[in-house]
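We use all heavy atoms of the structure for the numbers below, so side chains are in, but hydrogens, waters and symmetry mates are not. So that the names make sense, note that chain A is the first sequence line, chain B the second, and so on, each numbered from 1.
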2 protein chains.
Amino acid sequence: MARSNKTPITDGGRFAYDGLERIIHEKARLGILTSLVAHPNGLLFNELKDLCSLTDGNLSRHLQVLHEAGLVEVWKGLHKNRPQTLCRLTDEGNRRFLEYINVLENVVADALAAARSDKASSPSLTDGLTPA
Amino acid sequence: MARSNKTPITDGGRFAYDGLERIIHEKARLGILTSLVAHPNGLLFNELKDLCSLTDGNLSRHLQVLHEAGLVEVWKGLHKNRPQTLCRLTDEGNRRFLEYINVLENVVADALAAARSDKASSPSLTDGLTPA
DNA sequence: ACCAGGGCTTTACCATGCAAAGCGTCCTGA
DNA sequence: TCAGGACGCTTTGCATGGTAAAGCCCTGGT
């Protein structure tokens, strides 16, 4: 496709945010992963739930998504015959999360650069235009 | 209905990502806003479309969302009797976008801090657990 | 007069997030 | 010992929201 003229910033005419992983780019899951990355030995379902202020169903669903994506391991067991779930980042999860964060840094940098660049934009502005 | 004792909606706001605006926190719109913030005088529909590699319908829809949220102004007019749409950040849009970026910076900082903190192991958490 | 094509909008579909309801187990008290 | 409630999750149902495809209106060429 045509790479249009301005503000490439990242190479190839594409922006940094193109690299943002959908799975991770979600508030709730971002929180889960941030919590997990700080606890390499894992967190129990409820610890995670409290840390992230999520509802049970919510957390359950997101964990499922993260697990299916190979980002977290989920250990299910029984503690005194009651369900007990331990969640932990996989190595790949750790890698991909850090990668995501790295992209995020670039997004921020892009945005700040863009905001500062303050380009006087294309010609012929609001001639005969009316606000929507 | 009022099933008490599930999910304590309380004490949120622990992490930076809580402050991420949904409207902005979306790849496509993030791109649109990043483009717009670099062009204070506005961009034409097609310029934006090319910059962001979006389809027409896509861009149209996202602009609508952003406009309804008060983040962008959309000027519709005719250039040689053909429709011409100019998009520009509102002052508020500018403010909220920068604020969003600021939150993003904190998210990154949190994540990196978490990754570095690397809390030492409390051993044998997986006693009697089986992988999912 | 016709057709191609530009410049958007609308429609239709499908993925996804989220809260409420559900399920099985344990614990307490009567 | 048998309610009834509290945990610890999972499942269900709904509403939102992103996207590609189709549609609409215009104009300029032939």
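Side chain of B:Lys27 to main chain of A:Leu20: a donor-acceptor pair is present (N/O by atom type, distance under 3.5 Å, no hydrogens or angles).
Distance CD (A:Glu26) to C1' (C:dA15): 12 Å, rounded to an integer number of Å. In this structure, A:Gln64 atom CD and C:dT16 atom P are separated by 12 Å, rounded to whole Å. A straight line from CG of A:Leu59 to P of D:dG8 spans 13 Å, rounded to a whole angstrom. Atom CD1 of B:Ile23 and atom P of D:dG18 are 8 Å apart (whole Å). Counting to the nearest Å, the P atom of D:dG8 and the CG atom of A:Leu78 are 13 Å from each other. Taking atom CG of B:Leu63 as the reference point, atom C1' of D:dG17 lies 16 Å away to the nearest angstrom. We find that NE2 of A:His25 is positioned 15 Å from P of D:dG17, with the value rounded to whole Å. Following rounding to the nearest Å, A:Glu47 (CD) and D:dG8 (C1') show an atom-to-atom distance of 13 Å.
Residue A:Asn94 holds its CG atom at 8.0 Å from OG1 of A:Thr90, rounded to the nearest 0.5 Å. Note: B:Asp50 CG to B:Leu43 CG = 10.5 Å, rounded to the nearest 0.5 Å. Rounding to the nearest 0.5 Å gives a distance of 5.5 Å between SG of A:Cys87 and CG of A:Leu48. Within the model, atoms OG of A:Ser117 and NE2 of B:His39 stand 6.5 Å from one another, a figure rounded to the nearest 0.5 Å. Interatomic distance, A:Leu89 CG to A:Leu36 CG, rounded to the nearest 0.5 Å: 5.0 Å.
The side chain of B:Lys76 has C:dT9 as its nearest neighbour among C:dG17, C:dA19, C:dT9. Side chain of A:Asp56, nearest nucleotide from D:dC9, D:dG18, D:dA20: D:dC9. Listed candidates were D:dG8, C:dA19, D:dT10. Nearest to the side chain of A:Ser60 is D:dT10.
Regarding contacts with the backbone of D:dC9, a side-chain N or O of A:Thr85 is found under 4.0 angstrom from either OP1 or OP2. Between C:dG6 and B:Asn46, no contact under 4.0 Å exists linking OP1 or OP2 to a side-chain N or O. Phosphate proximity of D:dG18 to B:Arg29: present, with a side-chain N or O under 4.0 Å from OP1 or OP2.
Nearer the 5' end of DNA chain C, as judged by each residue's closest nucleotide, is the contact made by B:Arg61, out of A:His62 and B:Arg61. Taking the nucleotide of DNA chain D with the nearest heavy atom to each of A:Asn58 and B:Ala28, the more 5' of the two is matched to A:Asn58.
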I'd like a table of atom pairs between the protein and nucleotides 26-30 of chain D - only N or O on both sides, under 3.5 Å - with the distance next to each one.
from	atom 1	to	atom 2	distance (Å)
D:dC26	O3'	B:Asn81	O	3.3
D:dT27	OP1	B:Asn81	ND2	2.7

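Of the residues listed (B:Asp56, B:Thr55, B:Asn58), the one engaging B:Lys49 in a side chain to side chain donor-acceptor pair (under 3.5 Å) is B:Asp56, and it is the only one.
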